[in-house]
Enquirer: 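For reference, the structure I am asking about is given below.
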Amino acid sequence: MGIRDDLKKQALGLSSMAMEKLMADEKRALAVAQAIGRVQRGKQALDRGQEEVMKALHFAPKGDFKAVGKQLAGLKRRLRELDAKLESLSEESSQKMR
């Protein structure tokens, strides 16, 4: 095991102990949970606001960009497959001509 792994283990152990101490008090644990909930609700509100602004500016929403990206990745994969098939057919054709 290297020094990097040792440091990771130590950091994980220290963070684990810190979380245990933080969550040991029920009131503190509840406050942390509520803070996390507020952050999540804030992010959702921000995302909704961003979507509204994008629509107002007549831009495609973020979800559309993700969908198009997935489609593009699929098309690239299919193009590589077709290119490989074409190359194979071309090689077969040139061998038959000999």
Side-chain angles (χ1 to χ4, degrees):
M1 218 187 287
I3 192 167
R4 186 179 195 181
D5 291 329
D6 289 340
L7 288 174
K8 277 184 183 180
K9 271 189 174 179
Q10 287 177 359
L12 186 59
L14 289 172
S15 65
S16 172
M17 287 182 353
M19 284 302 290
E20 284 177 21
K21 286 184 180 181
L22 181 67
M23 296 299 181
D25 181 21
E26 193 174 314
K27 286 183 182 179
R28 207 178 311 153
L30 182 60
V32 168
Q34 288 174 342
I36 290 171
R38 283 192 298 271
V39 167
Q40 289 175 339
R41 287 189 298 276
K43 185 184 179 318
Q44 290 171 350
L46 181 66
D47 289 344
R48 284 192 304 271
Q50 183 183 24
E51 290 290 325
E52 289 175 16
V53 168
M54 296 291 274
K55 284 180 185 177
L57 296 174
H58 302 290
F59 290 138
K62 190 170 32 173
D64 288 355
F65 282 108
K66 286 182 181 181
V68 168
K70 286 182 180 182
Q71 288 176 340
L72 185 59
L75 288 172
K76 285 181 179 179
R77 185 182 65 252
R78 182 71 180 133
L79 181 62
R80 283 192 298 270
E81 292 170 358
L82 290 173
D83 189 44
K85 281 184 181 180
L86 228 108
E87 185 69 31
S88 172
L89 289 173
S90 175
E91 288 175 6
E92 287 177 16
S93 175
S94 65
Q95 288 176 357
K96 286 181 181 180
M97 291 181 146
R98 292 181 190 175

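What you see is a predicted model, and the numbers here were worked out from it, not measured in a lab.
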Enquirer: Would you compute the distance between atom OG of S16 and atom NZ of K21 and round it to the nearest 0.5 angstrom?
Expert: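 Those atoms lie 11.5 Å apart.
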Enquirer: Quick one: which residue pairs count as a side-chain hydrogen bond (donor to acceptor under 3.5 Å, both in side chains) with a foot in residues 46-61, not counting sequence neighbours?
Expert: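 Counting only pairs at least two positions apart or across chains, the side-chain hydrogen bond (donor to acceptor under 3.5 Å, both in side chains) contacts touching residues 46-61 are K43-D47.
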Enquirer: If you link I, L, V, M, F, W and Y whenever their side-chain heavy atoms are under 4.5 Å apart, who else ends up in the same group as V32?
Expert: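 Under the 4.5 Å side-chain rule, V32 groups with M19, L22, M23, I36.
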Enquirer: Tell me every residue that passes side-chain contact (heavy atoms from CB on, under 4.5 Å) with L72, counting only those two or more places apart in sequence or in another chain.
Expert: K76
Enquirer: According to side-chain contact (heavy atoms from CB on, under 4.5 Å), who are the partners of Q34, at least two apart in sequence or on a separate chain?
Expert: L30, R38
Enquirer: Applying side-chain contact (heavy atoms from CB on, under 4.5 Å), can you list everything that pairs with L7, at least two apart in sequence or on another chain?
Expert: I3, Q10
Enquirer: Distance-only check: which donor-acceptor pairs under 3.5 Å involve side-chain atoms of residues 80-91, not counting sequence neighbours?
Expert:
residue : atom : partner : partner atom : Å
E81     : OE1  : R78     : NH1          : 3.4

